[in-house]
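Bear in mind that the values here come from a model prediction, so they are computed numbers and not experimental data.
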Amino acid sequence: MSNSSSITQFLLLAFADTPELQLLHFWLFLGICLAALLVNGLIITTIACDHHLHTPMYFFLLNLSLLDLGCISTTVSKAMANSLWDSRAISYQGCAAQLFFFVFFILAEFYLLTVMSYDRYVAICKPLHYGTLLGSRACVHMAAAAWGSGFLTALMHTANTFSLPLCQGNALDQFFCEIPQILKLSCSHSYLRDVWLLTLSCLLGFVCFVFIVVSYVQIFRAVLRIPSEQGWHKAFSTCLPHLAVVSLFVSTAMFADLKPPSISSPSLNVVVSILYSVVPPVLNPLIYSLRNKELKDALWKRLEYVLLHINNVPIILNGLPQYLRKRQD
């Protein structure tokens, strides 16, 4: 038996038992990290540098890209290091920091997605009031509220979780420090306090999810009143993937936090955690940003500028928009 004062490190769940498979997981996670860094970095740079994109929607997309990078780097980077060095250890302080930043980024991102659904609702259903309801100050306040709410919630969860005495060892059935896995190591009935906190967080998340669904339902209703099949197709092809990713995140996160111990297993824990901690941040740039024609054109312009002015050679890129190819010719 051990207690929290004697625990100096935790043992995370290994993805495989052989070094070869460990290296395979390392290269897989490295690819995910590099892709996320490249795509989100381009989105952030393009939105920040192109004054035509200084609008509420792109301001929120910039914040979303920052949070996506935070979500991916918090969990995947440690898993990469452990796979490369064939290790399972994470220090007590490192585990606390990882849990805090993971909860912070993941909750701030979900609150931001709620704000973004409101932005799209106002833009489509109340376009005449868009400038009033979503001015620059209001956008900054809403983004700050999303970041601040995530920070405060993460601080409460981390402080409460790591104040519990631990006497069930130091092995976690997860590849990163997750609240339910740490609660399993608690030897005190005071862990119920954190269970209630988790339940309240899930209820708040469900309320946000309902708000997102209602917002998109109103958008669908407004679009269906427009006699244009092209407009219908654009709205449904844009909004349905948004709802799919949000639904995947909410359902898997609530299942991970509230599932009964009787159905818990290491493999199930890993699959569920990947579905809510890795998949949504990876898909967000593809669904929210790279499907947007204005942003894609701005990205191509940024890439053209970099290639022509840094390398100082006339490189022709396949797939450039027509007006960019004419400029380059």
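Residues Val213 and Val207 are members of separate hydrophobic clusters, defined by side-chain heavy-atom contacts under 4.5 angstrom among Ile, Leu, Val, Met, Phe, Trp and Tyr. Under a hydrophobic clustering in which Ile, Leu, Val, Met, Phe, Trp and Tyr are joined whenever their side-chain heavy atoms come within less than 4.5 Å, directly or via other members, Leu34 and Leu24 fall into different clusters. Note: the hydrophobic cluster containing Leu268 also contains Ile274 (ILVMFWY, side chain heavy atoms under 4.5 Å, direct or indirect links). Residues Trp27 and Leu21 do not share a hydrophobic cluster, defined by chaining ILVMFWY side chains whose heavy atoms lie under 4.5 Å apart.
At distances below 3.5 Å, at least one donor-acceptor pair connects side-chain atoms of Gln98 with backbone N or O atoms of Cys177. Distance alone, capped at 3.5 Å, places no donor-acceptor pair between the Ser186 side chain and the Leu183 backbone. Looking only at distances, no side-chain donor or acceptor of Asp119 sits under 3.5 Å from a matching main-chain atom of Val115. Checked by atom type and distance alone, the side chain of His54 pairs as donor or acceptor with a backbone atom of Ile47 at under 3.5 Å. Side-chain atoms of Arg88 come within 3.5 Å of backbone atoms of Leu12 as a donor-acceptor pair (strictly under, hydrogens ignored). Judged by distance alone, with hydrogens and angles left aside, the side-chain atoms of Thr252 form a donor-acceptor pair with the main-chain N or O of Phe249 at under 3.5 Å. The backbone N or O of Met80 sits nowhere less than 3.5 Å from a side-chain atom of Ser83 that would complete a donor-acceptor pair. A donor-acceptor pair under 3.5 Å links the side-chain atoms of Asn40 to the main chain of Ala36, judged by distance alone.
Phe10 has its ring centre no less than 6.0 Å from the ring centre of Phe176. Aromatic rings of Phe162 and Tyr92 (six-membered ring for Trp) have centroids within the 6.0 Å cut-off, being under it.
Side-chain contact between Pro281 and Phe105 is absent, with no heavy atoms from C-beta onward closer than 4.5 Å. Put simply, the side chain of Asn284 does not reach to within 4.5 Å of the side chain of Leu67, judged on heavy atoms. The side-chain heavy atoms of Leu37 and Leu69, taken from C-beta on, include a pair separated by under 4.5 Å. Contact check for Ile124 versus Gln218: no side-chain heavy atoms found under the 4.5 Å cut-off. By the 4.5 Å heavy-atom criterion applied to side chains, Tyr121 and Val214 are not counted as neighbours. Residues Phe255 and Tyr276 form no side-chain contact, since every pair of their non-hydrogen atoms from C-beta on lies 4.5 Å or further apart. A 4.5 Å side-chain heavy-atom check between Val103 and Thr158 finds every atom pair outside the cut-off. In this structure, the side chains of Trp147 and Phe104 come closer than 4.5 Å at one or more pairs of heavy atoms.
Note that the CD1 atom of Ile43 and the CG atom of Leu53 stand 11.0 Å from one another [nearest 0.5 Å]. Note that CG of Asp173 is 11.0 Å distant from CG of Leu11, once rounded to the nearest 0.5 Å. To the nearest 0.5 Å, atom SG of residue Cys95 and atom CD1 of residue Ile182 are 4.0 Å apart. Here CG of Leu112 is found 11.0 Å from OG of Ser149. Values are rounded to the nearest 0.5 Å. Going from atom SG of Cys139 over to atom CG of Leu133 covers 10.0 Å, rounded to the nearest 0.5 Å. The SG atom of Cys49 lies 11.0 Å from the CD1 atom of Ile44; values are rounded to the nearest 0.5 Å.
Across all non-hydrogen atoms, the minimal contact from Leu64 to Glu109 is CD1-CG, 3.7 Å. Heavy-atom minimum distance, Phe110 versus Cys208: CE2-CB, 3.5 Å. Considering every non-hydrogen atom in both Tyr216 and Leu243, the closest pair reads CD1-CD2, 3.5 Å. The heavy-atom pair separating Met142 from Leu134 by the smallest distance is CE-CD2, 2.9 Å. Closest approach of Phe29 to Ala79, counting heavy atoms only: CE1-CB, 4.0 Å. Taking each heavy atom of Asn63 and Ala143 in turn, the nearest pair found is OD1-CB, 4.2 Å.
A side-chain N or O of Ser273 and one of Gln174 form a donor-acceptor pair less than 3.5 Å apart.
Within 6.0 Å of CZ on Phe151 lie no more than 12 heavy atoms contributed by other residues, nucleotides or ligands.
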